[in-house]
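Input: a single structure, listed below in C-alpha cells.
Predicted, not measured: the structure shown is a model, and the values here were computed from it. In this chain, residues are counted from 1 in sequence order.
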Amino acid sequence: MRHVLTSFLALHWAVVFALLAYICMDGDRGIASALGVLGVSVQGSRFPGLEHAVIVAPLSVALLIVALLFCWAFVETLLNMAARPDAGDAVVRIAFISASFLLSIILVGGAAQGINGLFMVVAIQMTALLASYVAVLAERRSVLAAATALHEGEARLVSHRMAAGAAHSSLLSRISSRPETRPGGRR
C-alpha cells in the first residue's frame, strides 16, 4: 500500500523550505523577503543586520538542509515503502524535528531583533508541521494495521484450507474403507 499522504507532505515541506532558502539568498533583501513570504512585513532599513552574509548564509544553509531532509523522506516513501512499511520513519522524524528546531531558532532570532508579528507566523507554521506529522503517523499506523489484518486473514485462510484438506482426506479414507495412514505407518 502506498503512503500517498506521507509522500505528499514530505514533498510539500521540501518545496516550502527550499523556496525559503532560495528567497533568503536573494541579494536585495535576504531574510526580510523570506519573512515577507511567510507573512511578516519587515522593513529593510529598520533591520539593517538582516542582509549580512554572516546571518543570511547559515540560515539559508539550514533551510536547505531541512529541505533536503524532507526530500530524502519523500524518496524513502516512494522507493522503500513496498518492501518495508517502516522504512522512512527515522528520516521523517528527523526532518520534522529539524524543521521545528529551525523555526524555533528563527523565532528566537526574530525576537532578539524585535520583529513584530513573527510569533504568530512561526506558531502557525509549527502547528502546520505538527498537524503534518500527526497525519503521517496516523497514515503509517493505519497501513501497519491493515498489513497486520491482512496477514492474520491469510493465516486464517491457510489454516481453514488445511483443516478442509484434512477433513476431505479423512472422509475419502472412510468412504473407501481403507485405513488412514499417519506418519510412522500407524492408523
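- Under the 4.5 Å side-chain heavy-atom criterion for grouping Ile, Leu, Val, Met, Phe, Trp and Tyr, M126 is connected to L63 within one hydrophobic cluster.
- For the atom pair OG1 of T6 and CD of E76, the computed distance is 12.5 Å after rounding to the nearest 0.5 Å.
- Here the closest heavy-atom approach between residue A73 and residue V92 is recorded as CB-CG2, 3.7 Å.
- Rounding to the nearest 0.5 Å places OG of S132 at 11.0 Å from CG of L137.
- Between E139 and L9, the closest side-chain pair of non-hydrogen atoms is not below 4.5 Å.
- Applying the side chain to side chain donor-acceptor pair (under 3.5 Å) criterion to S60, with sequence neighbours excluded, gives no partner residue.
- For the atom pair CH2 of W13 and CZ of F8, the computed distance is 11.0 Å after rounding to the nearest 0.5 Å.
- The nearest pair of heavy atoms linking A99 to F17 is CB-CZ, 3.7 Å.
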Expected list for residues 100-107: side-chain donor-acceptor pairs under 3.5 angstrom, two or more places apart:
{"residue": "S100", "atom": "OG", "partner": "F96", "partner atom": "O", "Å": "3.0"}
{"residue": "S104", "atom": "OG", "partner": "S100", "partner atom": "O", "Å": "2.9"}

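- Hydrophobic clustering (side-chain heavy atoms under 4.5 Å, transitive across Ile, Leu, Val, Met, Phe, Trp, Tyr) keeps L20 apart from L64.
- Of the inter-residue distances, the one linking L129 atom CG with I97 atom CD1 reads 11.5 Å to the nearest 0.5 angstrom.
- The distance from atom SG of C24 to atom CG of L59, rounded to the nearest 0.5 Å, is 4.0 Å.
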Stepwise side-chain contact (heavy atoms from CB on, under 4.5 Å) test for F70 and H12: CA-CA 8 Å; F70 277 113; H12 166 75; over 6 Å; no
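- Interatomic distance, CD1 of I124 versus CZ of F119, reported as 10.5 Å (0.5 Å rounding).
- The two residues V66 and A95 come nearest to each other via the heavy atoms CG1-O, 4.5 Å.
- Cluster annotation: F74 is not connected to L68 through the hydrophobic network of ILVMFWY side chains, with a link wherever side-chain heavy atoms come within less than 4.5 Å.
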